[in-house]
Amino acid sequence: MKYYSLHKKSPDTSFKNAVIEGLAKDRGIYFPQNITPLPKTFFDTIENYSNEEIAFTAIQQFVGDEIPETILKQIIKETISFDFPVVKIEDNIGTLELFHGPTMAFKDVGARFMSSCLEYFNRDKEEEITVLVATSGDTGGAVANGFLNAKGIKVVILYPSGKVSDIQERQLTTLGNNITALEVDGVFDDCQDMVKTAFLDTEISRTLTSANSINVARWLPQMFYFFFAYKQLKKQHKELVFSVPSGNFGNICAGVMANKLGLPIKHFVAATNINDTVATYLEDGNYTPKPSKATISNAMDVGNPSNFIRIQELFQNDLVALKKKFSSYSFTDEATKKAMKSIFQESSYVADPHGAVGYLGLNAYGLNENEYGVFLETAHPVKFLDVVETTLPVKIEIPEQIKKVIDKEKVAIKISSYEELKDFLNA
Ligand SMILES: *Cc1c(COP(=O)(O)O)cnc(C)c1O
């Protein structure tokens with residue numbers, strides 16, 4: 001499969017190169033040249049396929065022959081070796097729990113898939129690759145875990161000091177080995193800007209790639225979730241509406257891709273916190289990136305969502321067509337906490353702040369009786385312990401995956417300017 005840059009000023013490239021480069025030379029993000037829908041019979045009989053078979057069918061055309069079939073199947077098997085259950089919340093609402101992976105965030109799938117692809121492409125270890133990634137919370141832990149001990153790959157993670165939860169911080173600062181955490185005096189956008197600047201800096205001698213959702217190998221496997229949910233919900237015989245708690249809009253963009261492949265989804269809701277750049281754009285047609293604001297759903301504190309341009313591409317930049325299929329609503333922290341409380345009271349379900357924003361998205365959309373709404377639970381509530389335990393009358397049991405990191409010592413290097421990052425990378 002060939003990929004083109006959405007800035008259209010770089011040559012088309014292979015899946016391999018798109019994964020290694022992350023971002024094209026013209027700073028555009030990559031997009032597949034062709035999207036071929038899957039046969040209708042596949043969706044009609046999806047319950048007969050294992051998750052591994054479904055995932056392989058969904059992603060194969062985007063990898064093409066660049067990874068041999070047996071190896072791709074093995075990568076998928078290791079990537080999705082946990083559950084993706086849809087849990088009933090109300091009669092016509094369920095939550096798709098994406099937090100059963102090793103770091104209890106949905107980003108585990110993308111991180112693990114990308115790490116394995118990169119390891120495969122760099123199997124002759126021609127030169128060491130450095131994965132440089134900015135995190136607003138969960139990316140760091142998932143990438144650290146997914147890339148731990150990957151051969152020929154070093155990982156450098158930038159995170160905003162004091163703006164990720166304690167558990168998130170531990171997940172990205174305690175693994176050591178080929179993983180280094182840089183604690184940035186600033187907000188997520190500062191981290192992301194530094195990463196983008198480093199990619200353009202010709203004075204940096206290392207081969208850099210990104211593990212943010214701009215990387216096609218992190219973005220595309222997120223399609224799997226929507227297929228897995230459909231497999232579970234098909235017997236309801238209702239039209240599906242997905243509400244996706246969104247920050248960089250990679251996850252929801254993967255959902256739209258799944259729909260392009262023929263997966264029957266009626267409507268998408270991008271539910272955000274007060275970082276409402278897209279909601280505002282859908283309302284008034286002006287796309288104005290803003291500095292990100294801190295919220296209790298901090299993994300979505302993004303003022304300029306990098307994947308939104310991919311969604312626009314999927315709709316041929318037709319705003320009217322986009323709005324028919326895709327809505328976005330933004331919610332305050334106060335509304336989010338209220339939703340956490342009402343979900344708990346009505347359904348005894350403990351939602352984390354991101355999931356609660358997703359739930360609110362379904363409310364704002366207004367489901368009719370022929371529709372079934374799914375909101376994505378993108379992180380386990382334990383990852384937002386402070387907020388959850390001060391909002392709900394619950395004490396959350398610490399899962400095994402988290403116990404492993406909670407007593408480990410944090411190791412991070414503090415930086416406050418791009419120059420310091422550059423010195424670190426060139427050292
Ligand atoms: C990353 C993240 C999101 C946002 O996902 P995007 O693909 O960036 O839109 C939502 N919730 C949690 C818990 C996350 O970690």
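Note that ligands are numbered from 1 as they come in the structure, with each ligand's atoms numbered from 1 the same way. Here, residue 1 is the first one in the sequence, and each next residue gets the next number. Because only heavy atoms are used, hydrogens play no part in the values below, and waters and symmetry mates are left out as well, while side chains stay in.
Because its NZ or CZ atom is both nearer than 6.0 Å to the ring centre of F315 and within 45° of the ring axis, K260 counts as a cation-pi partner of that residue.
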Could you list each N/O atom of ligand 1 together with any protein N/O atom closer than 3.5 Å, one pair per line with the distance?
unit_1: ligand 1; atom_1: 7 (O); unit_2: G250; atom_2: N; d: 3.1
unit_1: ligand 1; atom_1: 7 (O); unit_2: N251; atom_2: N; d: 2.9
unit_1: ligand 1; atom_1: 8 (O); unit_2: N248; atom_2: N; d: 2.8
unit_1: ligand 1; atom_1: 9 (O); unit_2: G247; atom_2: N; d: 2.8
unit_1: ligand 1; atom_1: 9 (O); unit_2: N248; atom_2: N; d: 3.3
unit_1: ligand 1; atom_1: 9 (O); unit_2: F249; atom_2: N; d: 2.8
unit_1: ligand 1; atom_1: 11 (N); unit_2: T378; atom_2: OG1; d: 2.7
unit_1: ligand 1; atom_1: 15 (O); unit_2: K107; atom_2: NZ; d: 2.5
unit_1: ligand 1; atom_1: 15 (O); unit_2: D138; atom_2: OD2; d: 2.9

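Remark: K88 does not engage E346 in a salt bridge, criterion side-chain N to carboxylate O under 4.0 Å. In summary, K395 and E389 engage in a salt bridge, as defined by a charged side-chain N under 4.0 Å from a carboxylate O.
The backbone N or O of G303 sits less than 3.5 Å from a side-chain atom of T277, completing a donor-acceptor pair.
With sequence neighbours left out, T95 forms a side chain to side chain donor-acceptor pair (under 3.5 Å) with no residue at all.
The only member of D166, D352, D138 that meets salt bridge (charged side-chain N to carboxylate O under 4.0 Å, His left out) when paired with K383 is D138.
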